[in-house]
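Everything numeric here is computed off the predicted structure, so don't read it as measured data. The basis for the numbers below is simple: all heavy atoms, side chains too, and nothing from hydrogens, waters or symmetry mates.
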Amino acid sequence: MSLAQVHYTSAAPGDEGTAGRFTAVGPGVSGALLAEIEPLVRYELPGGAPERPSDGELRSLPQAFGYFALSDGSRLVVRSAPVRDTGGTGAGVRFHAHAVHLPPGVPLPGDRLPVEAWRSPHWVAVTPGGAIPDPLALPPGPAAVSEGLDDFAVSRGPWLAAVLADLRRASDAEATGGRPVVLVERQCADVARWLGLASVTLPRESAERLTFTTYTRRPGSSASRVVGVGPEDAGAARAAGLRVHECAGPAPAGGTEDVWATTAARVWRSRSPELFREARELPGEPFAAGPLAVTALCAGIALGPDGRAAAAGWATDRPYALDARRTGRLVEAIASPGIDDRAAPEFDSAGRLFGALEGRCPASVTAPLAAMLVTEAVRGGNGSLELPRRDAFAGPEGAEVAERLGPEILTELADTVGSRSVARTVQLLRVARLLGVDGTESLPGVVDRLAPALLAEASAAHEGPPGFAPALLELLDEQFEVRTALLGALDRIAPGDPGAVARFLERVALPFTGTQALPHLRMCAEVPEAMATLGGDRAAVWHRVLRAAGISPFAEPLVLRTAVGLVWEDRAPTVEEARLLLDAATSDSHRVAGTWARLVDAAMGASAAGTSAADASATGTSAAGTDEAARLAHDLLRGFPGEIGGRERAGLLLLDLVRELRTGAPEPGWAERVRTLCTQAEPVEPALRERAHAALVERLLAPDRPGAELYDFVHGADAELIGAYDRAARTETVRARLRTQPAYAADCFTVWTAHPHAGRAWPPVAAALLDDVLRPAVRGMSAEDVAEVEATVGRTGSSGRADAFRDWNRSSTLGRLGRRIAGRVRRG
C-alpha cells in the first residue's frame, strides 16, 4: 500500500513570529498528529554555520534522518535537510523536512527497516508543485544497508563493542522512556552507519524498537533512543548525564564486560556479518553470548577468554545442537595450542564441555580438549579442573601427552623442598594416573608431606569442608595405593596431634572402613559421637574411644597417647581420671606413650585446685583431693623414677611428703626437706606450697612431734613457715586442745618460751601466741588443771621452768585484779 507523506518548510528570513509550516500533508494524518510531528521534523543549523554558504558548504551541512514512534502507535520516518533560500533578497539557508507516516503495523515498502530508507533517492528538498498524489509512494532505496558497513566497522574498532552493547540495551522493550545513547560523529551519515550496524547485529524486533535521529543540537530533550550529535555538542550531552560515545575523538581507554557485544565486535572486524543471521538460528536467548561465540569460533574467528568460555558453556548445555563437523571445529578452536590468554573460568568451562562430549563424540574429537585440560592441570596449577577419565588417553594422543608431561609431574612430586598445596599435590597424582605415569618410587615421600599438609590447610580454612576435599576424595576413590599410603601416614601422625586429626575427619569423611587397622584414625573418628553421647563423663568417653582402636594398649602403647589427647586435649585429667589411666596399662606402656607426663600434670594440678590449706587447717582435716593427689604422686615417683625430674619431681616429692606428714612417719629432717623441695619446685604453685606448710606445722603442733624437727624449724628462721605455724596455732582445733589437755598446754608453754633468741621471726610469734592463744586457754581452766599444767612443765623441763610458768600465770592474775580495781576507781 502507499504511505501518506508530509512536507514541512522552515520560515523564510524576515518572517517573524513563526518557525515554519506544513506545506503538504497526505491523507490520514490528523491535526493532532501534526502537532506531535512538528517538533520532530525541525532542524537547527550547527554552530558556526555560514549565513550565506557556498554550494560546497551547503552540501557539507548535516542532514537529520530520523525514525520516531508516535503516541497513537504509528511511526514516522523523516529527513530534514538544509536548503538554499532562493526567495527574498538574500541567499540564506532554510530547511525542508520530508516525512513518511507509517500506520500501526504497516512496514516500509519491501518490508525494509527504517534505516534502510536512509539512502533512498526519493527524499526531496522541495514541496511537490500542483496537486499532490494521494498518497505518495516511497520505493525502497536501491542499495542494501550493509553496503560499506564492513569498512566502517573496522574503522570504528575501538568503539565497536561498547557502542553495540549500548545499542542492544537501548533496543530493549523495557527501555521505553529511557535517556538516549549519544553518538558523536563529524558526519551524520556515520551515525546512520552505526544504526546500519545495529540493524544487522540485532534481531529484527529489537532493531525496529531502536528509534533514532542522526543529527540534533539538543540530545537531552530528544525522545529517540539513539541520537547523533556533532563534536561541538558532545560536552553538552555529557553534562546532561547522557551515555556518550565520542567516536570522532581519540580511541577510548577501556572496554566493556558485555561478552555478547565483544564477540559481535570481533565478528564485524572479521568482515563476517552473515554470521549474525547464522547465530540467530541456534537455540538460546537473543543476546546470549554462547550462540554467537560458537558461530564465530566455527568460522575461524579468534575470540577472547570470555567468548571461548561462553561458547564452551553453551555447547555443554546443548551437546546435540551442533553436527559433527561444527563440533570438531569448536573443539579445535577452544583447544588451539596457539592461545596464550586462557583464564581459570575458561578451563572450567572446557572441562565441563569435555564431560558433556565424552562418550557422545569419537575420542579423536575430544582428545584436544583432554590434552589441554591435563596440560593446564600440570603447568597452570588449576586445581579446580574437571579432569577427563582415564580412557581418554588410551590412544596415541594420550601417549604423546604422557611423554611430554610425565617427567614434569615426577620432578615436581619428588621435590621435598618447595611449598606445594594440597590441591596441587592431589591434582598431580590424579593426572599421573590418567597418563599412566609410574610414581611408585616417589609415593612414600609424597604422602609423608601430604598428610600434615591436609591438617594444616584444613585448620586454616573456614567452617565446612576445605576446598580440596572433593578432589581428595576422588583421588582416594581412584587410587587404592594412594589411599592406603595416605591413611597410613595420617594414622602415624595422629598420636602427635589427635585433636587436629579428629577435627579434620569431622570435615572430610575419609574412607577407612577397609581392612587396614588404622587404630588411631578410628579413635579420632569415634570421639565426636562419644562426646555427644556420653557428655561430660570423660572416663566413659576414654573407654569407648580406646575400644574403637581395636587394639590393646599393651600391644600398641601409642593408642594411650591418642586416647588421652582426644579426651583431655586442652586440660589435665583429674586425680581420679589419672588413677584410671595409670591402672589401665603398665608403667612401660605409659612410658612408651609419653602419657606419664599427663599423669604428672594431673597430680600437680590437683594439688593447686583442691581445698585450700587454710580451710583444711581450720577444720583440722586435709583436703581429700590433695590426699588422692599425694598418693598418685607417690605411685608416679615409684613407677617413673627415670622420667620425672626437675621441678615436677620436686613437686611430686613435696606432695608425697605431705602424705607422709599426715599419715605416716617421714624420715627425720622433714622440716628442712619442705624448705628444700619448695625451692627446687619453683615456680611452685602457691596452693601446693601452702598445703606443704600446713602439713608441716600441723605435725609440729602435734603432741608427739619430734623435738629435733621443732628445733630445726625454729632455728631455720623461715618467716613464711613460721607465719603458717602462727596461723595454725590460732585455729579452733589447737585452742580446744589447749583448753582440754593440760599436758598439751604445758608442752606449748615450753615450746613457746624455749627459744627466746632464735632469730628475728620466731620470738615475736611465740610471745604473741603465749598472750593471745595460751593465756585465754589457761584462764578458762580449773585450778586443778592449772596445777597439772604447772607440774607437767616442771617434770618435762626444770624447776626453773615451773617457776617461770607460775610467774607468767601470776602476772596474768595480777593483771586481771589490777584491771578490776582500776575499773572500780573509775566508776567511783
Lys/Arg-Asp/Glu bridge criterion (N-O < 4.0 Å) met for R631, D656: no
Side-chain donor or acceptor of Q741 paired with backbone N/O of A743 under 3.5 Å: no
side-chain contact (heavy atoms from CB on, under 4.5 Å) against A736, all qualifying residues, sequence neighbours excluded: E732, R739
Any donor-acceptor N/O pair, R561 side chain to A593 backbone, under 3.5 Å: yes
Any pair counted as side chain to side chain donor-acceptor pair (under 3.5 Å), so long as it reaches residues 539-553, sequence neighbours left out: E526-R544
Residue pairs passing the ring pair (Phe, Tyr, Trp, His ring centres under 6.0 Å) test where at least one lies in residues 483-535, sequence neighbours excluded: none
Minimum heavy-atom distance between H590 and L581, given as atom pair plus value: NE2-O, 2.7 Å
Set of residues satisfying side-chain contact (heavy atoms from CB on, under 4.5 Å) with respect to M781, sequence neighbours excluded: A745, D785, V786, V789
E648 CD to Q680 CD distance, which is reported to the nearest 0.5 Å: 12.5 Å
Closest heavy-atom pair and its distance - A761, A719: CB-CA, 4.3 Å
With S589 via side-chain hydrogen bond (donor to acceptor under 3.5 Å, both in side chains) - residues at least two apart: T586
C748 and R737, any side-chain heavy atoms less than 4.5 Å apart: no
Full working for salt bridge (charged side-chain N to carboxylate O under 4.0 Å, His left out) between R492 and D448: CA-CA 10 Å; R492 288 191 297 275; D448 284 344; 3.4 Å; yes
Between CZ on residue F640 and OG1 on residue T595, distance to nearest 0.5 Å: 6.5 Å
Step-by-step side-chain contact (heavy atoms from CB on, under 4.5 Å) determination, L455 to I493: CA-CA 10 Å; L455 306 182; I493 68 176; 3.8 Å; yes
pair L636-W596: side-chain heavy atoms closer than 4.5 Å: no
Salt bridge (charged side-chain N to carboxylate O under 4.0 Å, His left out) partners of R449, counting only residues at least two apart: none
Residues forming a salt bridge (charged side-chain N to carboxylate O under 4.0 Å, His left out) with R483, sequence neighbours excluded: none
Residue pairs passing the side chain to side chain donor-acceptor pair (under 3.5 Å) test where at least one lies in residues 496-510, sequence neighbours excluded: R503-E569
Trace of the side-chain contact (heavy atoms from CB on, under 4.5 Å) decision for L738 with V773: CA-CA 9 Å; L738 288 171; V773 177; 3.4 Å; yes
Side-chain ion pair, R730 and D726, N-O less than 4.0 Å: yes
Close side-chain approach of L632 and E628, heavy atoms under 4.5 Å: no
Shortest non-hydrogen contact from P511 toward L473: CD-CD2, 4.4 Å
Point-to-point distance, once rounded to the nearest 0.5 Å, from CG of L472 to CG of L454: 5.5 Å
Spatial distance of atom CG (L450) from atom CG (L490) [nearest 0.5 Å]: 8.0 Å
Worked verdict on R810 versus D807 for side-chain contact (heavy atoms from CB on, under 4.5 Å): CA-CA 5 Å; R810 186 181 301 110; D807 293 341; 3.0 Å; yes
Heavy atoms of other groups near E441 CD, more than 12 under 6.0 Å: no
V508 side chain near P466 side chain, heavy-atom distance below 4.5 Å: yes
Listed partners of E577 passing side-chain contact (heavy atoms from CB on, under 4.5 Å), at least two apart: R538, W568, P573, T574
N/O donor-acceptor pair under 3.5 Å between E457 side chain and V422 backbone: yes
Exercise: identify the closest heavy-atom pair between D635 and R579: OD2-NH1, 2.7 Å
Polar side-chain atom of T533 near backbone of A530 as donor-acceptor pair, under 3.5 Å: no
Heavy-atom side-chain contact between L566 and M531 under 4.5 Å: no
Donor-acceptor pair, side chain of T731 and main chain of R727, under 3.5 angstrom: no
Gap between atom CG of L696 and atom CG of L657 - 0.5 Å precision: 8.0 Å
Results of ring-ring contact (aromatic ring centres under 6.0 Å, His included) for F749 - residues two or more places apart only: F805, W808
Check: Y725 side chain, V765 main-chain N or O, donor-acceptor pair, under 3.5 Å: no
R420 side chain to E412 backbone, donor-acceptor under 3.5 Å: yes
side-chain contact (heavy atoms from CB on, under 4.5 Å) assessment of H755 paired with Y711: CA-CA 9 Å; H755 308 281; Y711 183 87; 3.7 Å; yes
Close side-chain approach of T753 to R801, heavy-atom, < 4.5 Å: yes
ring-ring contact (aromatic ring centres under 6.0 Å, His included) involving F554 - partner list, sequence neighbours excluded: none
side-chain contact (heavy atoms from CB on, under 4.5 Å) partners of R649, counting only residues at least two apart: L637, I644, L653
Backbone of W670 reached by a side-chain donor or acceptor of E709 within 3.5 Å: yes
Interatomic spacing from CG in L599 to CG in L582 - rounded to 0.5 Å: 5.5 Å
R689 and E682: CA distance, side-chain angles, deciding distance, salt bridge (charged side-chain N to carboxylate O under 4.0 Å, His left out) verdict: CA-CA 10 Å; R689 183 194 302 274; E682 290 292 348; 2.3 Å; yes
Which atom of A802 lies closest to which atom of G794, heavy atoms considered: CB-CA, 3.8 Å
Side chain R647, main chain T679, donor-acceptor under 3.5 Å: no
Validation row: C678, L654 side chains within 4.5 angstrom (heavy atoms): yes
Side chain to side chain donor-acceptor pair (under 3.5 Å) assessment of T676 paired with R673: CA-CA 5 Å; T676 302; R673 284 181 62 200; over 6 Å; no
Distance-minimising heavy-atom pair for D601 and A572: CB-CB, 4.0 Å
Sub-4.5 Å side-chain heavy-atom contact between D718 and R675: yes
